[in-house]
Amino acid sequence: MMDDAFDLTEDYTPPPPPVGMDPPWLTGLNPEQRQAVTITEGPLLVLSGAGTGKTRVLTTRLTHIIASRLAQPWRVLAVTFTNRAAREMRERVSGLIGPAADAVWLGTFHALALRMLRKHADKVGLQSGFSILDSDDQNRVLKALMEEAGVDVKKWPVVMVMGVIQRWKDRGWTPDQVPGQETGGEIAGGRLLELYRAYQARLLALNACDFGDLLLHVLVILRDHVEVLAAYQDQFRYILVDEYQDTNTAQYLWLRLLARGHRNICCVGDDDQSIYSWRGAEVGNILRFEHDFPGAQVVRLERNYRSTPTILGAASALIRNNTGRLGKDLRAAGATEDGDPIRVYGVWDGPAEARHVVEQMESLHRRGERLASMAVLVRAGFQTREFEERLITTGTPYRMVGGLRFYERQEIRDAMAYLRLIEQPADDLAFERIINLPKRGLGDAALQTIHLSSRALGCPLLQAARSVLETDELKPKPRAALRGFVEAIDEWAALREQMDPSELAATVLDGSGYLEMWKKDKSPEAPGRVENLQEFIRGLEDYDSLMDFLEHVSLVMENDSKAESGDAVTLMTLHAAKGLEFDTVFLPGWEEEVFPNRRALDEGGVSALEEERRLAYVGLTRARKRVFITHASQRRIFRDWVMCVPSRFIGEVPEEFKEEDSDVGLMGGGRGQREPWSSWDGAGADSGWGQRKQAFREKEGLTWQVAARDSAGGFSVGDRVFHQKFGHGRVCAVDGNKLEVDFDKAGRKKVIDSFVSAEP
DNA sequence: ACCATTCTTCTTTTT
DNA sequence: GAAGAATGGT
């Protein structure tokens, strides 16, 4: 390959050379990290445990390749899993080698694939200005197709069907490549493949693609066009992949194609942190690496610089319960003291948990810990709510990562639809969204006419609308309205040339009356929406073209608008926390059914349990100094109160690393051995842990404790009951949890039993 | 066409 | 316990 004056491979196998010979960027690396950076030729797998300096290795490796002139920046492909990781890497590398870093092909799989797809869109039947649909749009399209095909959407939820299609895409299967035995069986009446085909056709007609298509289309292009593949293979001399354990098959195939020539591919990952199998990630990719890339070298990074020995001990013990690991043991490299034990604390219910956690935070804060050094990591998004409420009432600043995303808000999506339609007239989804927004008197009837015309002419809705205007299919009033709308779109499209995106957006939102609509709106959330729209216009200032902006929005689903300002606690899901670290980590909701999550277990069985355990491992290893685990003995789920059993994962943390306690008044507070929340033996006798759960209903307000006592939900005919809204009455029929009650004042009503209480 | 009300179903994790 | 869908009234 290259004539490398700087090929350090030979010289730098341990023991390392004298420090004097080091390029500056290699100083301070431990021997394994040094190998991971300097073995540049041939396939290399870096198994990098949590906190072992993975990011540092990646950025240094990139720097090493470029600064040693092994390749020019644009000949390096560096793939990350999240936008955050990409940004961070670019910043760090820029700091080391300056503006040259900008030329590196660095980004997420999706961003990089998009870059390729824009260039070769025509080869898969797209035009270069194509839109990227978000999941909402995807479901809308699929739903329409399912209804058209007469598939019962009630029986086969759109999201489920979409899920299967996506998993097919994750494996790199176009409709023609779905294997005969994998066609989804009974799902959607056995017509899944047909729907997939129709969906793809529909997307092409919309000149749009979804997230999975970004990779799938590029795969098709690389497979079918040898010259394109050859050009990319020649361009990318070095390939770096972050979070390799989370790549799916499509991504793997993409990488393998690109790396096939020189095979200078370096994948960094940790099988113990694979937490995205539900999204099609194949842990197998990392386990198979040496097989797929013969002659691959493997470097293990096991020196952990992040956490205390206690935390590492706990995390290692926990993860050892998983089978089929590559095997890797973290050793503490930094701290000399064991550090605080893991604090396991039992509380009564959700609100008590939030109170307890926030109290701990405040106490740490008083002792001088920054709020920004603390994080609450939850299993599922909805769990953040109780904490938010508590943090708001105590006035503790916090920041939510990943929660409600700016670009998913209704008003922002509407505004985007205007811009999308201007940029891309074939975008029917955008058209439908805004045709009558604000109200223009163009309702179902008008839309139907346009649809009909669209189908007859085989053209997009916007164009069909134009042809409808030439006829008298519409009554004069809607016709005038439609003409106004179409002409406005044309006008704005023409303005696109002379205005920058931000100005254009302002003009559009103003001219269309959309902004006005919210300003006039009396609802309590309207002012916020107006504000968001103004923020939206401001945000556009950073972009040169509309397309750049739309692309950014499609790919960067993080809310980077709220940058880290001030000292605040972080609230996020365990998934979102991957790659981050905090001094203090709070892990609430460690109960069976919640974590490990029941739905996950229902679907994936043993392998799902192992993934849940890896998630627990990720959570523990985010902490530098302290971990607080909490579990509640009951929790409100939907409208029921559910008894909770402490998570088996608590039992998997050896006693020597943890200290258990619970609220006063809870049985077995302290160190009792037989209490379910102090040590529940996960490996114990019964596998039917789900049976330990008992549900009982809340009886409205304060009376629920009474209900809890007799724990029955049932009323019988003749019982006198009380209802908040209808007052007193007598039960005259019972059907499951539905009651028919003769109310003294309100008459006979059907009510759910949880809304009435026994009359005192 | 539009609005208001009730009914329903759902909460794993996200590029 | 919210947000969407479906229904019914103006």
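Chain naming here is simple, since letters A, B, ... match the order of the sequence lines and numbering starts at 1 in each.
Both A:H110 and A:A600 lie near DNA chain B, and the one whose nearest nucleotide falls closer to the 5' end is A:A600. If you find the closest nucleotide of DNA chain B to A:A445 and to A:L615, the one lying nearer the 5' end belongs to A:A445.
Across B:dT11, C:dG1, B:dT14, the shortest atom-to-atom separation from the side chain of A:Y276 is found for B:dT14. Listed candidates were C:dA5, B:dC2, B:dT14. Nearest to the side chain of A:R279 is B:dT14. Closest to the side chain of A:F211, out of B:dA1, B:dT15, C:dG1, is B:dT15. The listed nucleotides are B:dT15, B:dT11, B:dC2; the one nearest the side chain of A:F382 is B:dT11. Among B:dT15, B:dA1, B:dC2, the nucleotide with an atom closest to any side-chain atom of A:A446 is B:dA1. When the nucleotides B:dT15, B:dT12, B:dC2 are ranked by their closest atom to the side chain of A:T108, B:dT15 comes out on top. Side chain of A:N83, nearest nucleotide from B:dA1, B:dT13, B:dT15: B:dT15.
Residue A:S135 has no polar side-chain atom (N or O) positioned under 4.0 Å from OP1 or OP2 of B:dT14. Taking only side-chain nitrogens and oxygens, A:N597 never comes nearer than 4.0 Å to OP1 or OP2 of B:dT11. The phosphate of B:dA1 has neither OP1 nor OP2 within less than 4.0 Å of any side-chain N or O from A:K477. For the OP1/OP2 pair of C:dG1 and a distance below 4.0 Å, the side-chain nitrogens and oxygens of A:R385 include at least one atom meeting the criterion.
Rounding to whole angstrom units, CD1 of residue A:I275 and P of B:dT14 are separated by 9 Å. Atom pair A:D602:CG and B:dT13:C1' shows a separation of 15 Å (rounding to whole Å applied). Residue A:N248 contributes atom CG, which lies 14 Å from atom P of B:dT15 at whole-angstrom precision. The interatomic distance linking A:R636 (CZ) with B:dT11 (P) rounds to 19 Å, in whole Å. Protein atom CZ of A:R84 is 9 Å distant from nucleotide atom P of B:dT15, rounded to whole Å. Per the geometry, CZ belonging to A:R598 stands 13 Å off P belonging to B:dC10, to the nearest Å. When rounded to the nearest whole Å, the span between CG of A:L571 and P of B:dT13 equals 13 Å. Taking atom CZ on A:R635 and atom P on C:dG1, their separation rounds to 14 Å, with Å as the unit.
In this structure, a donor-acceptor pair under 3.5 Å is present between the side chains of A:Y398 and A:E388. Between the side chains of A:T449 and A:E473, no donor N or O sits under 3.5 Å from an acceptor N or O.
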Practice task
Decide yes or no on side-chain hydrogen bond (donor to acceptor under 3.5 Å, both in side chains) for A:D213 and A:Q200, but give the supporting numbers first.
Solution key: CA-CA 9 Å; A:D213 283 339; A:Q200 291 304 86; 3.1 Å; yes
Practice task
Could you give me the CA-CA distance, side-chain angles and deciding distance for A:R413 and A:D137, then say whether salt bridge (charged side-chain N to carboxylate O under 4.0 Å, His left out) is met?
Solution key: CA-CA 10 Å; A:R413 288 175 51 93; A:D137 291 329; 3.5 Å; yes
Exercise for the section: Let me have DNA chain B in dot-bracket notation, would you? Count Watson-Crick plus G-U wobble pairs, both distances under 3.5 Å, and use [ ] for pairs crossing earlier ones and | for inter-strand partners. Expected result: ||||||||||.....
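The base of B:dT13 lies close enough to the side chain of A:W278 for a donor and an acceptor atom to sit less than 3.5 Å apart. Remark: the A:R599 side chain and the B:dT11 base include no donor-acceptor N/O pair separated by less than 3.5 Å.
Within 4.0 Å (heavy atoms only), A:G381 reaches sugar-phosphate atoms of the nucleic acid but no base atom. A:F81 comes within 4.0 angstrom of the backbone, heavy atoms only, and of no base.
Every residue meeting the salt bridge (Lys or Arg N to Asp or Glu O under 4.0 Å) condition with A:E411, not counting sequence neighbours, appears here in chain and number order: A:R529.
Taking the six-membered ring wherever Trp is involved, the centroid distance between the rings of A:Y276 and A:W278 falls below 6.0 Å.
Taking 4.5 Å as the limit, some side-chain heavy atom of A:D210 sits within range of a side-chain heavy atom of A:M162.
Results of the side-chain hydrogen bond (donor to acceptor under 3.5 Å, both in side chains) test with A:E353 over A:R635, A:R390, A:H631, A:Q383 single out A:R635 as the only residue that passes.
Judged by distance alone, with hydrogens and angles left aside, the side-chain atoms of A:N83 form a donor-acceptor pair with the main-chain N or O of A:L555 at under 3.5 Å.
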